[in-house]
Amino acid sequence: MSTALRDGFGRQIDYLRMSVTDRCDFRCVYCMAEDMTFLPRQQVLGLEELYRVAALFVAQGVKKIRLTGGEPLIRQGIVGLCERIAGLPGLHELVMTTNGSQLVKLARPLADAGLKRLNISLDSLNPARFRGITRTGSLRQVLDGIEAARSAGFQRIKLNTVVMKGRNFDEVPALVQYAIDHHLDISFIEEMPLGEVGRHRGESFCASEEVRQVITRQHRLLDSTEESGGPARYMRLQEHPQTRIGFISPNSHNFCATCNRVRLTAEGRLLLCLGHENSIDLRGLLRRHPLDDGPVLEAIGRSLQRKPWRHEFSADGEVKVLRFMNVSGG
Ligand code: SAM
Ligand code: SF4
């Protein structure tokens, strides 16, 4: 039986984001510190546990699941997990956010497994800068991965760019052109103050409004009422209507009133809001009740009553949440 999940403010929760690993082959400057300690493997949810959580949420009315991380494509068994989750009756859409490094080999198997859409992070088109931002990443590998994804037949591919002054703000026009030339969407993201990453984020903070102004020097942007079920506001380019430009502005624009999602961290905590520490330990419940979903469902229902109304991020870059983004999943 499907029962809609509602939080204490009456918002319907129909979107679950699952971090399938906290590990990553990159060390992006906005996401991680240079030296990271990752979770011991036994603390990370197993594939069977991830599937069980997905199935429970879909049975409760969740329509969309996003797999993220860390880097979801370095998790062993990810393609099989996608296939099983995509097959859950009632789920409308299984999507993923990836850094693209493994797509040359995995794009086709993922599309065949039933993954509908991909978000691929791309912060620079300059190899040295790309390396500087990701610390370990190869631009060539990611661009080849994007090509592989384009030919694998996904319904939509969107690029994600975290914009930082002094790092990639001047590349906004080139990134828009890349998206146009390759028939992709692109979202520009304001950096969020999650985790102590060893630099002061306020100095490089770039508001979405500044990005929009730069784009309007070359393109006519048309307002779009399109909804992706996520936090991005979309615009279209008058001359290139196939490309959508998204702005994700957690600091300068609050989208909490229509929040429809919760997150599962890699260690199995159900996180009620990215900007708060409120969470429950689902892993403990799953392991204590391997054959009985009742106590797990009850705890999920109760926890939703504690979902905060809004996050408290602001443009000063001050860290209010100590958790790194790779733990909770972007
Ligand atoms: N590894 C995958 C990737 O990079 O696409 C998925 C996980 S990553 C945490 C998900 C998204 O969060 C990426 O688009 C990344 O750029 C974004 N992100 C990470 N840290 C962020 C931060 N502090 N502020 C804003 N976006 C961030
Ligand atoms: Fe890895 Fe994604 Fe975080 Fe970059 S943003 S370090 S690719 S998890």
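First listed ligand is number 1; within each ligand, the first listed atom is number 1.
Under 4.0 Å from ligand 1, heavy atoms of Thr97 appear from its side chain as well as its backbone.
By the 3.5 Å distance cut-off applied to N or O atoms, Ile189 is not counted among the residues near ligand 1. For a threshold of 3.5 Å applied to N or O pairs, the pair formed by Gly70 and ligand 1 contains at least one separation below that value. Among the atoms of Glu71, some N or O lies under 3.5 angstrom from an N or O of ligand 1.
In this structure, of Gly100, Ser101, Ser121, Gly69, the residue bringing a heavy atom nearest to atom 5 (O) of ligand 1 is Ser121.
Applying the 4.0 Å criterion to heavy atoms of Cys28 picks out, from ligand 2, the atoms 4 (Fe), 5 (S), 6 (S), 7 (S). Within the listing of ligand 1, atoms 15 (C), 16 (O), 18 (N), 19 (C), 20 (N), 21 (C), 22 (C), 23 (N), 27 (C) sit less than 4.0 angstrom from a heavy atom of Tyr30. Atoms of ligand 1 lying under 4.0 Å from any heavy atom of Met192, numbered from 1 in the order shown and given with element: 22 (C), 23 (N), 24 (N), 25 (C). In summary, the atoms of ligand 1 found under 4.0 Å from a heavy atom of Asn160, numbered by their order in the structure, are 14 (O). Atoms of ligand 1 lying under 4.0 Å from at least one heavy atom of Thr68, given by number and element, are 6 (C), 7 (C). Atoms of ligand 2 lying under 4.0 Å from at least one heavy atom of Gly70, given by number and element, are 8 (S). Within ligand 1, counting atoms from 1 as listed, the ones closer than 4.0 Å to a heavy atom of Thr98 are 2 (C), 3 (C), 5 (O). Interface of Glu190 with ligand 1, defined as ligand atoms under 4.0 Å from a residue heavy atom, comprises 25 (C).
Side-chain atoms of Thr68 and Thr97 include no donor-acceptor pair closer than 3.5 Å. Checking Arg131 against Ser138 by side-chain atom types alone, no donor-acceptor pair falls below 3.5 Å. Between the side chains of Glu71 and Thr98, at least one donor N or O lies within less than 3.5 Å of an accepting N or O.
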| task | Assess whether side-chain hydrogen bond (donor to acceptor under 3.5 Å, both in side chains) is satisfied between Asp223 and Tyr234, documenting all intermediate values. | result | CA-CA 7 Å; Asp223 272 325; Tyr234 283 104; over 6 Å; no

| query | Between Asp185 and Arg244, is a salt bridge (Lys or Arg N to Asp or Glu O under 4.0 Å) present by the stated rule, with each step listed? | reply | CA-CA 5 Å; Asp185 295 335; Arg244 297 190 303 172; 3.3 Å; yes

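Between Arg52 and Glu49 no salt bridge is recorded (no basic side-chain N to carboxylate O distance below 4.0 Å).
Each side-chain hydrogen bond (donor to acceptor under 3.5 Å, both in side chains) pair with one or both residues in residues 73-84, not counting sequence neighbours, appears once here: Glu48-Arg84.
Atom 3 (Fe) of ligand 2 has Cys31 among its coordinating residues (N/O/S atom, backbone or side chain, under 2.8 Å).
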Throw together a table of side-chain donor-acceptor distances under 3.5 angstrom for residues 171-179, partners on residues two or more places apart or in other chains.
residue : atom : partner : partner atom : Å
Glu171  : OE1  : Ser124  : OG           : 3.4
Glu171  : OE1  : Leu125  : N            : 2.8
Glu171  : OE2  : Ser124  : OG           : 2.6
Glu171  : OE2  : Arg129  : NH1          : 2.9
Gln177  : NE2  : Asp181  : OD1          : 3.0

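Applying the side-chain hydrogen bond (donor to acceptor under 3.5 Å, both in side chains) test between Tyr15 and each of Arg66, Glu93, Arg263, Lys63 identifies Arg66 as the sole match.
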